[in-house]
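Written out below as C-alpha cells is the structure these notes cover.
For the numbers below, each heavy atom of this structure counts, side chains included, while hydrogens, waters and symmetry mates do not. Each chain gets a letter, A, B and so on, in the order its sequence line appears, and its residues count up from 1.
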Protein chains: 2
Amino acid sequence: MSAAENQQLKQVLREHELKATTQRIALLKLLDATHEHFDAEEIYLELLKKQKNVSRATVYRSLEALAEQDLVTRLDFGDGRMRFERSKGEDEHHDHLICEECGKVIEFFNLEMEAQQLSVCEENDFTPSTHTMHIFGTCSDCKQTP
Amino acid sequence: MSAAENQQLKQVLREHELKATTQRIALLKLLDATHEHFDAEEIYLELLKKQKNVSRATVYRSLEALAEQDLVTRLDFGDGRMRFERSKGEDEHHDHLICEECGKVIEFFNLEMEAQQLSVCEENDFTPSTHTMHIFGTCSDCKQTP
DNA sequence: GCGTAAATGAGATTCATTCTTATTTTTAAA
DNA sequence: TTTAAAAATAAGAATGAATCTCATTTACGC
Ligand SMILES: [Mn+2]
Ligand SMILES: [Mn+2]
Ligand SMILES: [Zn+2]
Ligand SMILES: [Zn+2]
C-alpha cells in the first residue's frame with residue numbers, strides 16, 4: 001500500500017546518494033508517520049511488528065547513513081540510548097523539554113535563543129554545525145501528582 | 001599535604017550528608033584543581049597516578065553521589081562517555097562550545113539565553129531542573145587547517 | 001538479465017557503566 | 001580509645017547499547 005509514498009521516499013534516498021533499500025524506505029516511512037522520539041530498539045521492534053524483515057544491525061547502520069544525510073536527527077536525552085526523529089526542513093528545527101517524571105517530550109522553537117547561540121559562536125570565532133538544547137524538568141501533568 | 005584543603009572538603013561532604021571517605025576527598029580535590037572535563041576512566045587513572053587507591057566502581061559511585069548533591073556536574077558531549085566537572089556556585093553556571101575536530105571545549109555564559117530558556121518553560125508550564133546547551137562545530141584553531 | 005559494488009542478517013565483539021559480594025572504613029556512641 | 005552498625009570500597013562479573021565481521025543477498029547501471 002501507498003506505492004506513491006514508497007516512490008517518493010525512493011526518490012528522496014537517491015537524491016541523497018543512498019541506495020533505496022526496502023529497509024531504509026520502511027524506516028523512513030515509520031519515522032514520517034509520527035512525532036515520537038524512538039530509540040533504535042523501538043524502531044527495530046516496530047518494523048518487525050509491521051512484518052518488515054530487518055536486523056538490528058541494519059537499523060543502526062541505516063540510522064547512521066540517514067543521519068549523515070540529515071534525513072533523520074539523532075537526539076541524546078542523556079539516558080544512555082540515542083533517539084531519532086525525522087528531520088524536517090531547516091525552517092522546522094526545534095529543541096526539547098523533557099519531563100524527568102513521565103518521559104514526555106515537548107518540542108519548542110525560540111528564535112531569540114537561536115540568535116543568541118549564533119552570537120556566542122561569533123564572539124568565540126567558532127563555526128557551529130549542530131547544537132543540543134534540552135531542558136529537563138517536570139511537565140504540568142506531573143507537577144500536580146507528586 | 002594541604003591538610004587544610006582536606007579538612008575543608010571533609011566539611012563539604014558532611015554538609016551534604018555524604019561520608020567523607022578518602023576516595024571522595026581525593027576525587028573532589030582532583031576536580032577542584034582543573035577546568036578540564038574528565039571522563040570516569042581519566043579520573044580513575046589520575047587518582048592511580050597520584051597513588052590514591054581507588055577502584056573504577058568507586059569512581060563511578062562517587063561521581064553519582066556527588067552529582068546527586070550537585071557537587072559535580074555530569075556533561076554529555078554525545079561521544080558515548082559522560083564527562084564531569086566540579087560544580088561551581090549557581091552564579092557560575094556555564095554552557096559549552098565543543099570542537100568536533102580537536103575536542104577542545106570552550107565555556108560560555110549568556111544571560112539572555114538563560115532568560116529565554118525560562119521563558120520557554122513558563123510558556124509550556126514546565127518546571128526546569130537542568131539543561132544542556134552544547135554547541136558543536138569547529139574552533140578557530142581548526143578552521144585554519146582543513 | 002548480468003555483474004559488481006553496496007547493503008543486509010545473524011551473531012560475535014566492544015566498551016562504558018552497573019551490579020555483586022566479601023572486606024574495609026567511617027562515624028557515633030560507649 | 002574501643003566497639004558496633006551502617007555504609008563504602010575493591011575486584012571482577014554482568015549488562016546493554018552500539019559496532020563489527022563476514023557470508024549472503026540486493027540494488028541498479030549497463
Ligand atoms: Mn523532536
Ligand atoms: Mn565546563
Ligand atoms: Zn511528565
Ligand atoms: Zn578545534
Side-chain angles (χ1 to χ4, degrees), chain A residues 3 6-7 9-28 30 37-48 50-69 71-84 103, chain B residues 6-7 9-28 30 37-48 50-69 71-72 74-84 103:
Chain A
N6 273 25
Q7 269 317 116
L9 289 173
K10 227 175 217 184
Q11 182 74 10
V12 169
L13 285 165
R14 285 178 179 151
E15 280 165 4
H16 290 268
E17 319 213 315
L18 294 173
K19 297 208 168 176
T21 65
T22 58
Q23 291 84 350
R24 288 170 179 175
I25 292 168
L27 201 165
L28 275 184
L30 174 66
H37 305 87
F38 287 130
D39 62 40
E41 182 72 11
E42 287 169 337
I43 290 169
Y44 170 65
L45 293 175
E46 284 297 319
L47 291 177
L48 284 193
K50 287 181 163 44
Q51 323 279 351
K52 309 294 181 184
N53 67 313
V54 71
S55 70
R56 251 176 277 257
T58 295
V59 170
Y60 278 102
R61 278 182 300 221
S62 297
L63 288 170
E64 186 184 19
L66 294 168
E68 184 97 16
Q69 294 299 317
L71 293 173
V72 307
T73 302
R74 307 174 76 92
L75 301 168
D76 185 350
F77 291 168
D79 60 352
R81 283 164 298 159
M82 284 292 176
R83 312 297 178 88
F84 299 87
Chain B
N6 273 25
Q7 268 317 114
L9 290 174
K10 225 175 217 183
Q11 183 74 11
V12 169
L13 285 165
R14 286 180 177 149
E15 279 164 4
H16 290 268
E17 320 213 316
L18 295 174
K19 296 208 168 176
T21 65
T22 57
Q23 291 85 348
R24 288 171 179 174
I25 292 169
L27 202 165
L28 276 183
L30 174 65
H37 305 86
F38 287 131
D39 63 39
E41 182 71 10
E42 288 169 336
I43 290 169
Y44 170 65
L45 293 174
E46 283 297 319
L47 291 178
L48 284 193
K50 286 181 165 43
Q51 324 281 350
K52 308 295 181 184
N53 67 313
V54 69
S55 70
R56 251 176 278 259
T58 294
V59 170
Y60 279 101
R61 277 181 303 222
S62 297
L63 288 169
E64 185 184 20
L66 294 168
E68 184 97 16
Q69 294 298 318
L71 292 174
V72 308
R74 308 174 76 93
L75 300 169
D76 185 351
F77 291 167
D79 61 351
R81 283 163 297 157
M82 285 292 177
R83 312 298 177 88
F84 300 87

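The number of heavy-atom neighbours closer than 6.0 Å to CD of Glu41(B), taken from other residues, nucleotides and ligands shown, is above 12. Annotation: Gln51(A), atom CD; neighbour count of heavy atoms from other residues, nucleotides and ligands within 6.0 Å does not exceed 12. Remark: Glu17(B) CD is loosely packed, at most 12 non-hydrogen atoms of other residues, nucleotides or ligands lying under 6.0 Å away.
Atom P of nucleotide dA17(D) and atom CG of Asp79(B) are separated by 18 Å, given to the nearest angstrom. For Leu13(B) and dA8(D), the CG to C1' distance is 13 Å, given to the nearest whole Å. At whole-Å resolution of the value, CD in Glu68(B) and C1' in dA8(D) are 16 Å apart. Protein atom CD of Glu17(B) is 12 Å distant from nucleotide atom P of dA8(D), rounded to whole Å. The interatomic distance linking Ile43(A) (CD1) with dA17(D) (C1') rounds to 14 Å, in whole Å.
For the helix from dG1(C)-dC30(D) to dA30(C)-dT1(D), the rotation axes defined at the first and last 5 base pairs enclose an angle of 40°, given to the nearest 10°.
When all heavy atoms of Ala65(A) and Arg24(A) are compared, the closest pair comes out as CB-NH2, 4.4 Å. The heavy-atom pair separating Val59(A) from Leu27(A) by the smallest distance is O-CD1, 4.2 Å.
A salt bridge does not link Arg74(A) to Asp76(A): none of the charged side-chain nitrogens sits closer than 4.0 Å to a carboxylate oxygen.
Using a 4.0 Å heavy-atom distance criterion, Asn53(A) is classed as a sugar-phosphate-only contact.
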field: Reading 5' to 3' through nucleotides 19-30 of chain D, protein heavy-atom contacts under 4.0 Å coded B for base, S for sugar-phosphate only, - for none
entry: BBB-----SS--
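In this structure, the side chains of Glu42(B) and Tyr44(B) stay at 4.5 Å or more apart for every pair of heavy atoms. A 4.5 Å side-chain heavy-atom check between Leu30(A) and Lys50(A) finds at least one atom pair inside the cut-off.
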Residues Phe77(A), Arg83(A); criterion side-chain contact (heavy atoms from CB on, under 4.5 Å); working and verdict: CA-CA 7 Å; Phe77(A) 291 168; Arg83(A) 312 297 178 88; 4.0 Å; yes
- request: Given side-chain contact (heavy atoms from CB on, under 4.5 Å), test Glu15(A) with Gln11(A) step by step and report yes or no.
  value: CA-CA 6 Å; Glu15(A) 280 165 4; Gln11(A) 182 74 10; 3.5 Å; yes
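Neither OP1 nor OP2 of dA11(D) sits under 4.0 Å from any side-chain N or O of Ser55(B).
Protein chain B touches strand DNA chain C; the 5'-most and 3'-most nucleotides with an atom under 4.0 angstrom of its non-hydrogen atoms are dA16(C) to dT27(C).
A side-chain contact (heavy atoms from CB on, under 4.5 Å) with Leu71(A) holds for exactly one of Leu18(A), Leu63(A), Leu9(A); it is Leu18(A).
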